[in-house]
A.B. asks: 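Got a structure for you, questions after.
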Amino acid sequence: MNTVACPACGGPLPRHARWLTTTCRWCGAAVANGGRRVQAADHRAALRALASRPVGGTVVAVEAERYLVRARLAEGPRATVLFAERVRSPAALVILKLHADEAAARRAEAALRALARSEAQGAELLARRAPQIEAVGRCEGQLALVTRYSSGFSHSLDHVRLAHPGGLDPRHAVWIGNRVAELLDFAHRSGIVHGAVEPGHVMVQARDHGASLISWSQVRLDGAPGDDLTGLGRILDALSPDAPAALQALWRRPPGAARTFLDVQKQAARAAFGPSAYLHLPLPGWGR
Amino acid sequence: MGYGSYSHEAHVAMTSARSSLPRQEVFKQREVHPTMAPKGIRARECRDSATHPQSLAIAFALDVTGSMGAIPDLLAREKLPTFMALMEKFGVPSPQLLFLAVGDANSDRGPMQVGQFEATGELMDQWLTRTWLEGGGGAFGQESYELALYFMAEHTAIDCFEKRNQRGYLFLTGDEHPYPTVARAHIEGVFGDQADEDIPTEAVVASLLEQWKPFFLIPDRRRAGHCEAVWRALLGDHVIVMEDPADTCHVAAAIVALGEGRLASIDMLASRLRVEGLSGDRVGAVIRAVTPYAATLHKDAAPPPSPAAPSSAEEPGLFKRLFG
């Protein structure tokens, strides 16, 4: 938006017309600069124009911020999940989760904020693997958690199961297990038990072998870390039913500490498969 | 400004000749150089010329407080020719560079320094090394980045936008918060302009966006913990968290190339950086840094998030295997 107008034709002039003699692109008039006065209202008008710019498609508002919905990811009695883009420039891609249960939303918010400010060792890297809150506010009568979108974390382990109905190569189960156990270890050291480690709550990034946990609303501050590992072990065992015996033993009777789980799994994987090597995980939408 | 031709060899020779000099020998200013004082500047102009008919304005507003002074130092000793070489390799024609230095208007003697848009290595280097690395900074976790935003919004004139509707690129480096408003007193004291009142920083950003694409580069993840959220509220996915300040030039070059459509995706970026001899770990770090921005352009080479699949728990057979 240009707030300086040509005195000859009224056409918009670039902002620097305040300081420089400028040729109007509309009528060709040479407009001499008029001084060094700056109006705050001009800048505020630019902000209003930016925030209210028309966009095509479905727009939802969380408090004063508007988001353009790119995709509806899930709808159910407990929550609606949207992939969206902030309307105000510059863009920010986010995941919007609208909770029907406000208490659940508050639990998830508390857990994610605690992880974000955790000073446990490795926090600068590991806190980024959990959803990062951008905003919390009212949206369509529900409490919405706005978290940053992480590119490529496009599939849950439910999608992986559908794409590989015959089971996964156990080496994939190992890297997925490693990444999730690292995050759980960090969460547990930060005093947080996820409480719902299920296939639909583990998101994977196939290209870089990343994995993250979503749905932190069942978090327990007084829970037993072993419960999370029991969930993880069951997932991995079901994902890769033909894994070597040492891995099966770990997954079916996991230890109570994520760090131990990680160490034992790495040792068993090295014994079974040798040094770790990159292995492509085919999933819909990813090229080779 | 912005006349003359760029010679990569001459630029490399200039920077490598000083690679072992102490910082105070490279940056000799002990006060703001008179030609970089911002007061009274009407506009810094990036204009097309016979040798650069398609100029592209690129500005680096470098935080020169405390440890952030490492980035201008890296640029002056080694990295700036790399940036220019990448621009050429990526097919970005006629970049013209402007350097600004950012300090703190409440406590520093030189809170803002401004060079000129330049197209030759010698002149870019002149403005960069003419910068005073004052090294002070604000006491409360804030620096006067908003002054750089204000200057770029109010006092620049760029042909790429005026003639081709092509916005320029502004890269701010930093590790602190901006002040929430551009203070009227600073507008007058630093620039000599008369403002009727303080201006919210977010409103200045909105004005800036008319002609510029602003990015805030945070040098590493540790420092991101302090300032990232505040900057994301202002600049969204234009906040770039690097893993090492040494990646600054590769990251900035990647952003320009992606933004200008010179690279189709981050996959292509990765292969081009490898061809240029960048090590695998640095390629990975650059890719991770620019991926959120690339995703806004649909250039992250990744599928969008998939609608939720049926839960395993809804299938009795698998449920039994999982939890039976």
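Chain letters run A, B, ... following the sequence lines, proteins first and then strands; every chain starts at 1.
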A.B. asks: Can you tell me which portion of A:Glu75 sits under 4.5 Å from chain B's heavy atoms? Options are side chain, backbone, both or neither.
C.D. replies: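 No part of it gets close to chain B.
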
A.B. asks: What option among B:Val239, B:Thr156, B:Leu235, B:Thr296 has the most heavy-atom pairs under 4.5 Å with chain A?
C.D. replies: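 Greatest number of close heavy-atom pairs with chain A: B:Leu235.
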
A.B. asks: Could you tell me whether A:Glu124 and B:Arg223 have a side-chain N and a carboxylate O separated by less than 4.0 Å?
C.D. replies: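 Salt bridge absent between A:Glu124 and B:Arg223.
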
A.B. asks: Given heavy-atom pairs under 4.5 angstrom as the criterion, report whether the side chain, backbone, both or neither of A:Arg44 touches chain B.
C.D. replies: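 Its backbone and side chain both get close to chain B.
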
A.B. asks: Does any heavy atom of chain B fall under 4.5 Å from the side chain of A:Leu93, the backbone, both, or neither of them?
C.D. replies: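 Contact with chain B is through both the backbone and side chain of A:Leu93.
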
A.B. asks: Between B:Ser306 (side chain only) and A:Ser154 (backbone N and O only), is there a donor and an acceptor less than 3.5 Å apart?
C.D. replies: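 Pair found, side chain donor or acceptor close to backbone of A:Ser154.
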
A.B. asks: What part of A:Ala71 gets within 4.5 angstrom of chain B, counting heavy atoms only: side chain, backbone, both, or neither?
C.D. replies: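 For A:Ala71, neither part sits under 4.5 Å from chain B.
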
A.B. asks: May I ask you to test the A:Val38-B:Tyr150 pair for a side-chain heavy-atom distance under 4.5 Å?
C.D. replies: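 Yes - at least one pair of side-chain heavy atoms lies under 4.5 Å apart.
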
A.B. asks: So, A:His43 and B:Glu154: side-chain donor and acceptor under 3.5 Å apart, yes or no?
C.D. replies: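 Side-chain D/A pair, A:His43 to B:Glu154: present.
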
A.B. asks: Need one label for A:Gln39: side chain, backbone, both or neither, based on atoms under 4.5 Å from any heavy atom in chain B.
C.D. replies: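 A:Gln39 touches chain B through backbone and side-chain heavy atoms alike.
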
A.B. asks: Regarding B:Glu162 and A:Arg25, does a basic nitrogen lie under 4.0 Å from an acidic carboxylate oxygen?
C.D. replies: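 No, B:Glu162 and A:Arg25 are not salt-bridged.
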
A.B. asks: Is it true that B:Glu228 and A:Arg148 have a side-chain N and a carboxylate O under 4.0 angstrom from each other?
C.D. replies: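 Yes, this pair counts.
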
A.B. asks: With a 4.5 angstrom heavy-atom cut-off, which part of B:Ala233 approaches chain A: side chain, backbone, both or neither?
C.D. replies: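 B:Ala233 touches chain A through backbone heavy atoms alone.
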
A.B. asks: Would B:Arg232 and A:Glu134 satisfy side chain to side chain contact (heavy atoms under 4.5 Å, CB included), going step by step from the backbone distance to the final call?
C.D. replies: CA-CA 8 Å; B:Arg232 280 189 64 82; A:Glu134 298 260 284; 2.6 Å; yes

A.B. asks: Which heavy-atom pair separates B:Gly236 from A:Arg86 by the least distance, and what is that distance?
C.D. replies: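 Closest pair (atom of B:Gly236, atom of A:Arg86, distance): N-NH2, 3.3 Å.
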
A.B. asks: Could you check whether any side-chain N or O of B:Asp196 sits under 3.5 Å from a backbone N or O of A:Ala40, counting only pairs where one atom can act as donor and the other as acceptor?
C.D. replies: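 Flag set: sc B:Asp196 to bb A:Ala40 pair under 3.5 Å.
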
